[in-house]
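Take this structure first; my questions come after.
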Amino acid sequence: MTFDILSLPSHFDRPVHIAVIGGTGLSNLPGYHPVAALQPTTPWGAPSSPILILEHRGVAVAFLARHGLFHQHAPHEVPARANIAALRALGVRTVIAFSAVGSLQEEIKPMDFVVPDQVIDRTKGVRPFTFFEGGVVGHVGFADPFDAGLAAVVQRCAAAMKGDGVTLHAGGTVVCMEGPQFSTRAESNMYRAWGGSVINMSALPEAKLAREAELAYQMICMATDYDCWHSTEDVDVAMVLKYMAANSENAKHLVGAVLDELCKNENSELVQAKQWEGSAQGAVKFMTKPAGRDPEAMKRIEYLFPGFWNE
């Protein structure tokens, strides 16, 4: 960022309905005017970075750096629960998340983008992955982990990307591995056999937590390499960084077009995530009976859904 975060106001008194989570390759949103830098504390701790409130054409958008302002959080260290809870508490109901990925299929070239519709979880349980535990149980549906309405908006904005042959692929399966090491060649070929399209270390538990928080969530994947299945050339940081600059510029073009589209009146219900309202809350209330509910766990749920236990 070209401004001093510490110089920005630490409060913002209007709801913010749209958030962008930036991963490797998207560290800022050019063209958006910074108006605040919030540093909330949630029952699950502090988010990865200050949440920047940016304005564009009169619309406020939250921006959160998944790995921290200086990329100091490894994938398994990202405080995903705090990130999602803090955004929810701000009023966010729609999240567009960016992630650098490796390609598992020949047709997905480095510099291409993918709007996935499925995910395979290969994390090891090291990462805290639910809000509903410790005395309050809830089971939410996760058959379709991303939001089809948001995916359609992103796909309509594909023309915003620049570069010969750069393609936005509609649909596909993200394999989310633990990391921080890259795959072995045997693993990479196994994921291809499973039907994986791309591989990253960031889709989960972020997407699961967004669903529990009743947020509309869509990841946009930016291919930086072919993973190690493609040849005998090992994937390393140098290979990833080779394509990062071009991906970063296209990410900025794409996210700008997507945000402009989401700010239109006809997309207001989509942005408010009306389709997910009540989905997680109902799951919680029907599971743990009042006598078994832990008071501290109840307070945590109240942070996500104010007035939840009074309904």
Side-chain angles (χ1 to χ4, degrees), residues 1 3-23 26-29 32-56 59-98 127-134 136 202 204-217 255 259 271-273 276-277 280-281 284 295-309:
M1 294 289 182
F3 53 85
D4 181 6
I5 285 178
L6 296 178
S7 69
L8 296 173
S10 59
H11 65 279
F12 190 74
D13 58 6
R14 287 190 283 128
V16 184
H17 300 309
I18 302 171
V20 174
I21 296 179
L26 184 67
S27 59
N28 61 74
L29 295 180
Y32 285 72
H33 175 63
V35 294
L38 313 182
Q39 301 192 52
T41 298
T42 78
W44 297 275
S48 297
S49 71
I51 298 174
L52 295 177
I53 307 301
L54 310 164
E55 281 194 336
H56 180 65
V59 175
V61 175
F63 182 85
L64 174 66
R66 180 187 291 117
H67 295 284
L69 291 179
F70 308 102
H71 205 102
Q72 68 269 33
H73 300 299
H76 66 285
E77 296 175 323
V78 171
R81 291 191 295 187
N83 289 349
I84 295 298
L87 293 176
R88 166 87 197 186
L90 285 177
V92 168
R93 297 297 178 267
T94 284
V95 175
I96 302 294
F98 281 81
R127 314 173 187 198
F129 53 86
T130 182
F131 294 117
F132 306 142
E133 61 181 3
V136 172
S202 301
L204 299 171
E206 198 170 88
K208 288 182 176 179
L209 294 165
R211 181 60 51 83
E212 288 190 342
E214 299 181 0
L215 305 182
Y217 177 94
V255 73
L259 292 176
V271 167
Q272 290 288 342
W276 301 115
E277 266 186 19
Q281 297 177 62
V284 170
E296 291 303 313
M298 292 174 69
K299 288 180 185 177
R300 292 193 292 270
I301 301 306
E302 183 78 15
Y303 181 88
L304 287 175
F305 306 112
F308 180 81
W309 302 108

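The first residue in the sequence is number 1, and the count goes up from there.
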Using a strict threshold of under 4.0 Å (side-chain N to carboxylate O), is an ion pair present between K299 and E302? no

Set out, in order, the CA-CA distance, both residues' side-chain angles and the distance that settles side chain to side chain contact (heavy atoms under 4.5 Å, CB included) for F129 and R127, then state yes or no. CA-CA 6 Å; F129 53 86; R127 314 173 187 198; 5.6 Å; no

Any side-chain heavy atom of L8 sitting closer than 4.5 Å to one from I53? no

Which of parallel (below 30°), tilted (30 to 60°) and perpendicular (above 60°) describes H67 and H71? parallel

Are any non-hydrogen side-chain atoms of I301 and W309 less than 4.5 angstrom apart? yes

Would you please test E206 and I84 for side chain to side chain contact (heavy atoms under 4.5 Å, CB included) and show each step? CA-CA 7 Å; E206 198 170 88; I84 295 298; 4.2 Å; yes

Begin from the C-alpha positions of R300 and F131 and carry the test side chain to side chain contact (heavy atoms under 4.5 Å, CB included) through to its verdict. CA-CA 8 Å; R300 292 193 292 270; F131 294 117; over 6 Å; no

Does the side chain of L64 come within less than 4.5 Å of S49's, by heavy atoms? yes

Closest non-hydrogen atoms of L209 and P128, given as atom of the first, atom of the second and distance, are CD1-O, 4.5 Å

Would you check if W276 and R211 make a side-chain contact, meaning some heavy-atom pair closer than 4.5 Å? yes

Knowing that exactly one of T94, I18, L54 qualifies, which makes a side chain to side chain contact (heavy atoms under 4.5 Å, CB included) with L259? I18

Side chains of Y32 and L52 in contact at under 4.5 Å (non-hydrogen atoms): no

Within the 4.5 Å heavy-atom criterion, are L304 and W44 side-chain neighbours or not? yes

Which atom names give the shortest non-hydrogen contact between R66 and A97, and what distance separates them? NH2-CB, 3.7 Å

Measure from the side-chain N and O atoms of R81 to the backbone N and O of G45, and report whether any donor-acceptor pair falls under 3.5 Å. no

Applying salt bridge (charged side-chain N to carboxylate O under 4.0 Å, His left out) to R93 and not counting sequence neighbours gives none

Would a 4.5 Å heavy-atom cut-off, applied to side chains only, mark P40 and P47 as touching? yes

Do F305 and R88 come within less than 4.5 Å of each other through their side chains, counting heavy atoms only? yes

Rounded to the nearest 0.5 Å, what separation is found between the CG atom of L90 and the NE2 atom of H17? 11.5 Å

Closest approach of V136 and A297, non-hydrogen atoms and distance? CG2-CB, 3.7 Å

Are there more than 12 heavy atoms of other residues, nucleotides or ligands under 6.0 Å from atom OH of Y303? yes

Between N83 (side chain only) and V78 (backbone N and O only), is there a donor and an acceptor less than 3.5 Å apart? no

Considering all heavy atoms of both residues, which atom of L69 and which atom of P50 are nearest to each other, and what is their separation? CD1-CD, 3.8 Å

